[in-house]
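Throughout, protein chains are lettered first and strands after them, A, B, ... in sequence-line order, and every chain is numbered starting at 1.
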Number of protein chains: 2
Amino acid sequence: MSETINRPGRRIARPATVTLKHVAERAGVSPITVSRVINTPDAVSEALREKVGRAVEELGYLPNRVAGALASAESRVVPVIVPSLSNAVFIEVIQGVQEVLEVAGYQLLLGNTQYDLQREQDLAATLLGWSPAGVIIAGLRHTDRTRAMLQAWRRPVVEIMEHGTRAIDMNVGLSHYKAGDAMGEHLVSRGYREIGFIGGRLKADYRALHRYKGLERSLARHGLRRRPPFTHESKSSPQLGGDAFMRALDASPDLDAIFFANDDLAVGAILRAQREGIAVPKRVAIAGFNGFGIGELVQPSLTTIVSPRQQIGQIAANKLIARMQGRESGAASVDVGFTLRVGEST
Amino acid sequence: MSETINRPGRRIARPATVTLKHVAERAGVSPITVSRVINTPDAVSEALREKVGRAVEELGYLPNRVAGALASAESRVVPVIVPSLSNAVFIEVIQGVQEVLEVAGYQLLLGNTQYDLQREQDLAATLLGWSPAGVIIAGLRHTDRTRAMLQAWRRPVVEIMEHGTRAIDMNVGLSHYKAGDAMGEHLVSRGYREIGFIGGRLKADYRALHRYKGLERSLARHGLRRRPPFTHESKSSPQLGGDAFMRALDASPDLDAIFFANDDLAVGAILRAQREGIAVPKRVAIAGFNGFGIGELVQPSLTTIVSPRQQIGQIAANKLIARMQGRESGAASVDVGFTLRVGEST
DNA sequence: CTGAAAGCGCTTACAG
DNA sequence: CTGAAAGCGCTTACAG
């Protein structure tokens, strides 16, 4: 299956690939025509479609997307750059993006920054080298170079997860600050007065920090005590949530409610409380953020803020595709909002 | 930022991109040299590296990976084709793959077949068009054309999740049949005699079916009653697990143990049992498959089979990279095995 | 509806 | 350690 080609100044052994040219020869048409049959079948006669289709079949031709991308200066690939894959939130967003991209014939190129903005910058540089049709990237916060790079790039960019002004191009997300504030209001309205916050890596996960800040604002509004967050450095998990919960109660026995940075932690706390015989919400109330299904099943069920995760991915992908296809994509910035889901835990 | 180029038979408006040539001019060297500095910096003098590096900086040059891939007939991209993104198992596998690929400088191209082998075939055809360096694909079962396509392809392929003979190339996984058998043996040894199985979409998710078959074999060995599986058509979730659990007990009150196709379902059943006041394992034992962390936190803790998911991804990626770099990758086929984790639920 | 020519931005395989 | 020439497999922008 391998042939050696000899030409002046060149001698290479490449696997004998079936190319557009071979298909064209077989079908007795020009390569251009084959290209058309493949890319814009509607602009071509039925007879041609059939003739070329047969040649494609017989030769087992696989279009070389790389060559196509180089010639057209655009590939049907969309990088999705997220800070983490261990957080189910991003998985659901990716799912939403993937669903929509697939239907439109685009491929998803996965980038994981691990909450590191420098890594994000390197990743963005590499991924832009693929001439993608557009980019979806988590967050509004980037290095100056990343921003400059994406801004200078002349293709659609959607920043997701948080909603704000000053987006590079398009933006789909919600206000984490308002979400934290809303949870604060809920807890206060339920009569809780000694309210704490548990969350990890708040420097990197600044959206979680915004939720904390929102909570703080709400507490300040009611003249309640604002405590520093109980933090940790490992990635969130139910196990960690349970441990952090016990530590926090130990350190601050006066706490009567805890807002967790996410549902993973909060669900872990509820399960741990159950095991330890700590009454929730009687001894201490527990609240989360995300709205994962499991929160409705644990006992007591979890009060949490539901973010429309999959929807964020879908909207972002749809806006991207609209713009890539030259259609209008609606408002540049979309606030998808959030919902407070009150469970038994508060 | 856009220039119009006029040449015989051609007139296009393309954004003015900085290319290798521009960098070469700026640095006063040839494009080949720039290419070397970028791709094999060790094979180049310190002075050159600096000179070229400066030009790259000044011009904000981003290497065009598409052109590179076309010229070298290989891209530093690896498609990972999985049947689902809503199943955490595949997420963890993807995480493992991603970690390893990133370090080696490869990008992950995500493919989701939605448990549809025809879609898998189309996806594989498209993704091979990207001249990837290798392919990771879930399962040993594919359409004949997919198999033929991957077999004819002259680059490394790793089939993951299940272990078996007759792999296309390399294989990393475990025997789901043996896992089901092992769980059967465990349940029988605990004294359970009326053992059921709950799992969905067993035709598509044939690995879950293998676990059921393994259970059946174990039951047959002990002369115990083999029941048809309780199935459903929606995707697995704790919510669904709880519902299916109630339905199964309703339909077959004599059940004294249930093996769930996965931990999502089993955890849901445990939480539901708790709400309904059904004693686990006294009234009915519950077992799962996966080994997710949450299973250790629910009450009673879940007996399950732990599959090394992240490890599967890592091993697969490492084998791929070894082969792509021309190194030996060890055995073509790796059985990663599984562990029975006995909790309080059996 | 169909085709000839040129070019996309790199890398390869030599020679020096 | 460095460079000139050719080519990777497509698509674009015309003309017919």
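Listed pair B:Ser45 / D:dT2 meets the phosphate criterion, a side-chain N or O lying under 4.0 Å from OP1 or OP2. At least one side-chain nitrogen or oxygen of A:Asn39 sits closer than 4.0 Å to the OP1 or OP2 atom of D:dT11. Within the structure, every side-chain polar atom (N or O) of A:Thr19 is placed at least 4.0 Å from both OP1 and OP2 of D:dC8.
Of the possible donor and acceptor atoms, one in the side chain of B:Glu162 sits under 3.5 Å from a partner among the backbone N and O of B:Leu140. The backbone N or O of A:Pro31 sits nowhere less than 3.5 Å from a side-chain atom of A:Ser35 that would complete a donor-acceptor pair. Although no hydrogens or angles enter the test, the distance criterion places no donor-acceptor pair under 3.5 Å between the side chain of A:Asp169 and the main chain of A:Val158.
Under the 4.5 Å side-chain criterion, counting only non-hydrogen atoms from C-beta, A:Leu320 is in contact with A:Val78. Looking at heavy atoms from C-beta onward, B:Lys319 lies in side-chain contact with B:Val172 at the 4.5 angstrom threshold.
Taking every side-chain heavy atom of B:Leu48 into account, D:dT2 is the closest of C:dC10, D:dT2, C:dT12.
A:Arg36 comes within 4.0 angstrom of a base, heavy atoms only. Across all strands shown, B:Val66 has no heavy atoms under 4.0 Å from either base or sugar-phosphate atoms.
Atoms CD1 (A:Ile38) and P (D:dT12) sit 13 Å apart, rounded to a whole Å. Atom-to-atom, NZ of B:Lys21 to P of D:dG3 comes out at 16 Å; the value is rounded to the nearest Å. For the pair A:Leu20 CG and D:dG7 P, the interatomic distance rounds to 19 Å; values are reported in whole Å. In this structure, B:Glu25 places its CD atom 13 Å from P of C:dG9, rounding to the nearest Å. Atoms CG (A:Leu128) and C1' (C:dG9) sit 16 Å apart, rounded to a whole Å. Between A:Leu70 atom CG and C:dA6 atom P there is a gap of 18 Å when expressed in whole angstrom units. Here D:dC8 presents its C1' atom at 18 Å from CZ of B:Arg65, a figure rounded to the nearest Å. Computed from coordinates, the B:Arg49 CZ to D:dT2 P distance equals 10 Å when rounded to whole Å.
Of the residues in residues 26-35 of chain B, those placing a heavy atom less than 4.0 Å from an atom of DNA chain C are B:Ile32, B:Ser35, in numerical order.
Residue A:Leu20 forms a side chain to side chain contact (heavy atoms under 4.5 Å, CB included) with just one option from A:Asn64, A:Ile38, A:Ile32, A:Thr33, and that option is A:Ile38.
Of all heavy-atom pairs spanning B:Ala133 and B:Tyr106, the tightest one is CB-CE2, 3.6 Å.
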- Message: Under the criterion salt bridge (charged side-chain N to carboxylate O under 4.0 Å, His left out), I'd like the reasoning laid out for B:Arg323 against B:Glu328: C-alpha separation, chi angles, the key distance, then a yes or no.
- Response: CA-CA 6 Å; B:Arg323 278 271 295 276; B:Glu328 241 329 296; over 6 Å; no
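Taking a pair as Watson-Crick or G-U wobble with both distances under 3.5 Å, the runs of three or more consecutive pairs in DNA chain D are C:1-3 with D:14-16, C:5-12 with D:5-12, C:14-16 with D:1-3.
Checked against side chain to side chain donor-acceptor pair (under 3.5 Å), B:Gln95 has no partners two or more places apart in sequence or in another chain.
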